[in-house]
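A quick write-up on the structure given underneath.
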Amino acid sequence: MRVYNTLSGQKEELTPVDSSQVKMYVCGPTTYNYIHLGNARPLVVFDSVRRYLAYRGYKVAYVQNFTDVDDKIIKRAAEENREPRELASQYIAEYFVDADRLGIKRADVHPRVSEHIPEIIAAISGLIDKGFAYAIDGDVYYRVKAFAEYGKLSHRSLEDMLAGARVEVDERKEAPVDFALWKAAKEGEPFWESPWGKGRPGWHIECSVMSTKYLGDTLDIHGGGSDLVFPHHENEIAQAEALTGQPFVRYWMHNGFITVNNEKMSKSLGNFFILRDILDKFPADVVRFYLIATHYRSPLDFDDGKLEEARKALGRLKNTRILAREFLQSEAARSVGKEDEMSSGLVADVLAFQEQFIEALDDDFNTAKAMGFLFEMARAVNSFVSRADVKNQAHQDALGQSLEVFESLAEVMGLFQEPTGNGAQVDKLLDILGELRTRARQNKDFGLADQIRAFMLAIGVKIEDTGNGSRFRYEQTPDLADLIQECIDLRVRFKKNQNYQEADFVRERLQEEGIILEDTREGARWKFA
RNA sequence: GGGCGGAUGGCGAAGUGGCUAACGCUGCGGUCUGCAAAACCGCCAUUCACCGGUUCGAAUCCGGUUCCGCCCUCCA
């Protein structure tokens with residue numbers, strides 16, 4: 001496997017410190033509001049990296065922090081007249097709501113700055129002892145010029161930085177580039193006791209401390225957005241390596257930005273989209289697909305049209321699964337059937353695409369390229385399904401094997417999240433409406449058939465007719481009550497037309513699914529049996 | 001000013017020395033269908049911002065030009 005390493009500017013063979021395990025640390029959000037789409041990209045990207053490493057047989061130790069002590073949190077809390085810690089806790093909880101919806105696997109550890117103050121103080125003391133830091137008036141600064149390799153990650157020299165220095169002028173610092181490890185508390189700010197007085201950690205030290213605490217002195221992969229390269233990650237290296245004397249990180253991975261109209265999406269520009277709002281309009285796996293359909297290091301421009309396109313593209317993949325499952329679940333009597341060119345050809349194609357899928361991901365996690373092979377696989381499967389013989393056991397076996405491969409690869413990318421909620425009962429109601437529509441079609445009552453289809457469409461369910469029966473596709477589980485009400489409305493119509501046969505059919509079918517209708521003077525009401 | 005990256009069909013997006021420039025969306029034919037949808041079959045870039053060079057051979061390597069984004073200040 002090869003990984004692009006920001007440190008070297010090249011793709012390098014991935015060789016973890018321990019050959020069976022990969023230690024990963026990903027910079028998590030500063031929790032002072034809901035996360036936006038830009039924050040979601042590294043989450044999805046590195047979650048996919050993690051899943052793929054696991055798929056390739058590595059044990060993955062995954063740590064993602066929360067920065068819950070920070071200027072912005074303090075500021076926001078003051079504005080809302082709340083306790084900073086309480087504000088941060090709330091948004092950590094909200095973070096998990098969003099991340100769970102996206103199918104982001106929980107990290108093995110989610111350390112918080114506020115719970116690691118003693119370790120941070122110890123680290124700062126260590127840096128002072130070794131001459132890499134100095135205290136002034138309750139602040140502690142990192143002495144950048146003491147760390148000879150400063151700038152190696154962001155590929156710039158100290159001279160460059162000093163030359164173009166627009167860094168705030170603080171006369172007390174030895175050099176403008178020195179950065180804070182510990183900040184003395186101002187009036188009204190939260191603080192912890194320390195050898196330098198009351199204060200709190202600076203921004204960069206927490207990641208150095210928490211990553212090495214949970215993963216050891218040398219991590220394999222450290223990930224984050226490319227805006228963290230400088231200064232955040234550069235400073236992490238300076239802190240950690242000065243303290244431990246060991247290489248801090250073997251592979252630095254940075255994802256590109258999401259842009260809006262080709263401008264970086266960021267909190268400071270105000271052009272950001274809250275992830276939760278997007279998830280209200282698009283299924284989570286569509287968002288996920290959108291985020292990995294482009295290589296992680298490339299910029300990714302955002303607008304609703306892109307998500308719409310992602311919805312359609314992913315829909316194609318989901319369709320393949322539906323068609324294949326339908327074929328496999330067919331109740332038609334099976335005949336023995338021999339393996340033939342068709343069935344062996346399918347399996348061979350699918351296995352070849354799987355191999356290429358793996359090759360693509362082995363090369364710096366090229367998810368975009370890998371997706372291409374997933375589509376190729378989908379076409380091979382669809383094509384097979386359209387020509388194969390349901391009753392032929394050999395065809396069944398070939399498709400079963402192929403679908404298994406297809407689904408396992410989709411799973412690696414976190415696609416195909418099953419709809420949640422009361423799906424089973426909804427599906428039964430859909431079946432009833434489907435049966436009513438099939439009966440209408442058989443009676444050549446296409447007006448009624450189309451009306452039912454129109455209703456389905458209105459609640460987000462597409463009907464597709466097949467040789468025997470219809471199938472339903474939906475992205476958001478429809479509301480059960482809407483479906484029941486439609487059944488009732490149809491029954492009222494049947495009764496009005498004195499079509500008691502159909503009216504009774506509705507009542508009986510509902511009853512079979514555990515829904516009791518009771519006719520009253522005002523109309524029908526329903527309840528669960 | 002310094003550092004990093006980018007420019008591929010109508011759109012999105014792979015491709016980093018040599019098979020017909022993946023794949024998706026859109027569009028156009030055809031099959032299927034009560035109509036539709038989905039699916040299937042087929043078509044849609046002699047060309048990869050521009051100029052020059054290296055090479056038997058370049059979208060891919062080198063030099064230059066133009067344009068664009070990001071970092072150097074909090075940001076994923």
Side-chain angles (χ1 to χ4, degrees), chain A residues 6 9 11 26-30 32 35-46 67 70-72 75 151 154-157 159-168 177 203 223-232 234 254-259 262-269 272 289-290 293-295 297-301 303 305-306 308-317 319-320 322-323 356 360 363 366-379 381-387 440-442 444-446 449-450 453-454 457 462-467 470-471 473:
Chain A
T6 306
K11 289 182 190 171
V26 176
C27 283
T30 300
Y32 65 101
I35 61 171
H36 66 247
L37 186 64
N39 299 317
R41 188 173 190 189
L43 296 180
V44 168
V45 163
F46 292 112
T67 300
D70 172 89
D71 290 353
K72 293 185 293 293
K75 181 164 171 259
S154 51
H155 305 288
R156 56 191 95 188
S157 65
E159 295 79 65
D160 291 343
M161 280 179 265
L162 291 171
R166 287 190 286 117
V167 187
E168 66 185 271
V177 288
W203 174 36
S226 45
D227 51 354
L228 296 181
V229 173
F230 189 90
H232 187 55
E234 194 70 69
H254 293 97
N255 62 273
F257 298 115
I258 294 190
T259 58
N262 292 315
E263 255 190 344
K264 178 183 169 189
M265 179 185 294
S266 75
K267 289 173 186 171
S268 45
L269 286 171
F272 59 91
F289 177 86
Y290 160 74
T294 298
H295 185 88
R297 286 192 279 117
S298 300
L300 178 53
D301 202 56
D303 62 63
K306 302 276 170 58
E308 199 52 54
E309 190 180 319
R311 183 208 294 272
K312 286 178 187 156
L314 179 61
R316 180 171 163 78
L317 297 179
N319 236 349
T320 292
I322 291 171
L323 294 173
Q356 294 178 92
D363 186 12
N366 194 336
T367 51
K369 190 176 185 182
M371 287 297 126
F373 295 114
L374 220 46
F375 281 102
E376 304 250 30
M377 207 181 274
R379 179 150 40 77
V381 168
N382 291 346
S383 182
F384 179 85
V385 167
S386 71
R387 290 173 298 127
R441 289 174 68 214
Q442 279 162 358
K444 303 269 187 238
D445 184 355
F446 295 121
D450 289 348
R453 181 164 59 193
L457 211 53
K462 287 185 191 159
I463 294 190
E464 288 163 10
D465 296 330
T466 67
S470 309
R471 78 174 74 94
R473 296 171 59 209

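Owing to the predicted nature of the structure, the values given are computational and were not obtained by experimental measurement. Computed over heavy atoms, backbone and side chain alike; hydrogens, waters and symmetry mates excluded.
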Which atom pairs, donor and acceptor, lie under 3.5 Å between side-chain atoms of residues 367-375 of chain A and protein residues at least two apart or in another chain?
{"residue": "A:Thr367", "atom": "OG1", "partner": "A:Ile292", "partner atom": "O", "Å": "2.7"}

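What separates CG of A:Leu269 from C1' of B:C71 is a distance of 14 Å, to the nearest Å. Here B:A76 presents its P atom at 9 Å from CG of A:Asp70, a figure rounded to the nearest Å. Protein atom CD of A:Glu309 is 15 Å distant from nucleotide atom P of B:C23, rounded to whole Å. Following rounding to the nearest Å, A:Arg441 (CZ) and B:C35 (P) show an atom-to-atom distance of 10 Å. Nucleotide B:A76 holds its P atom 6 Å from the NE2 atom of A:His36, rounded to whole Å. Atom pair A:Tyr290:OH and B:A13:P shows a separation of 9 Å (rounding to whole Å applied). Across the protein-nucleic acid pair, A:His232 atom NE2 and B:C72 atom P stand 13 Å apart, rounded to whole Å. A straight line from CG of A:Leu457 to P of B:C35 spans 19 Å, rounded to a whole angstrom.
Closest contact between the side chain of A:Ser386 and the listed nucleotides B:A38, B:A39, B:C72 involves B:A39. Closest to the side chain of A:Asp465, out of B:A76, B:G34, B:G24, is B:G34. The side chain of A:Arg453 lies closest to B:A36, out of B:A22, B:A36, B:G3. Side-chain atoms of A:Ser383 lie closest to B:C40 of the nucleotides B:C40, B:A76, B:A38. Of the listed nucleotides (B:A76, B:G34, B:G24), B:A76 has the atom at the smallest distance from the side chain of A:Phe257.
Taking atom C1' on both B:U60 and B:U73, the two are 38 Å apart, rounded to the nearest angstrom. Rounded to the nearest Å, the gap between the C1' atom of B:A39 and that of B:C4 is 46 Å. Spacing between B:A13 and B:U54 at atom C1', rounded to whole Å, works out to 30 Å. Taking the P atom of each, B:U8 and B:C56 are spaced 31 Å apart, rounded to whole Å. Distance check on atom P: B:C40 versus B:C25 gives 10 Å, rounded to whole Å. On the P atoms, B:C61 is 12 Å away from B:G5, given to the nearest whole Å. For the P atoms, the distance linking B:A22 with B:G15 amounts to 14 Å, nearest Å.
No contact: A:Glu308 has no heavy atom under 4.0 Å from any strand. Counting any heavy atom pair closer than 4.0 Å across all strands shown, A:Ile258 reaches a base atom. Here A:Asp301 lies out of heavy-atom contact (under 4.0 Å) with every strand. A:Ser298 comes within 4.0 angstrom of the backbone, heavy atoms only, and of no base. Nucleic acid contact for A:Ile463: base, since at least one base atom lies under 4.0 Å from a heavy atom of the residue. Residue A:Asn39 is classed as a base contact, given a heavy-atom separation below 4.0 Å to a base. Residue A:Ser154 is in sugar-phosphate contact alone, with no base atom involved, counting any heavy-atom pair closer than 4.0 Å across all strands shown. Within the nucleic acid shown, A:Lys444 has no heavy atom closer than 4.0 Å to any nucleic acid atom. Nucleic acid contact class of A:Gly223 (heavy atoms, under 4.0 Å, all strands): none.
Residues satisfying the salt bridge (Lys or Arg N to Asp or Glu O under 4.0 Å) test with A:Glu464, not counting sequence neighbours, are A:Arg471, A:Arg473.
Comparing A:Asn255 and A:Ala293 along RNA chain B, the residue whose closest nucleotide (by nearest heavy atom) sits nearer the 5' end is A:Ala293. RNA chain B is contacted by both A:Lys264 and A:Lys72; A:Lys264 maps to the nucleotide lying nearer its 5′ end (nearest heavy atom per residue).
With pairs defined as Watson-Crick or G-U wobble and both atom distances under 3.5 Å, the stems of at least three pairs that touch RNA chain B come out as B:1-7 with B:66-72, B:10-12 with B:23-25, B:27-31 with B:39-43, B:49-53 with B:61-65.
For the pair A:Lys264 and A:Phe257, the distance from NZ or CZ to the six-membered ring centre is under 6.0 Å and the angle to the ring normal is within 45 degrees.
For the residue pair A:Asn382/A:Thr320, the side-chain donor-acceptor check at 3.5 Å is satisfied.
A distance cut-off of 5.5 Å between ring centres, combined with a plane angle under 30°, places A:Phe446 in a stacking arrangement with the base of B:G34.
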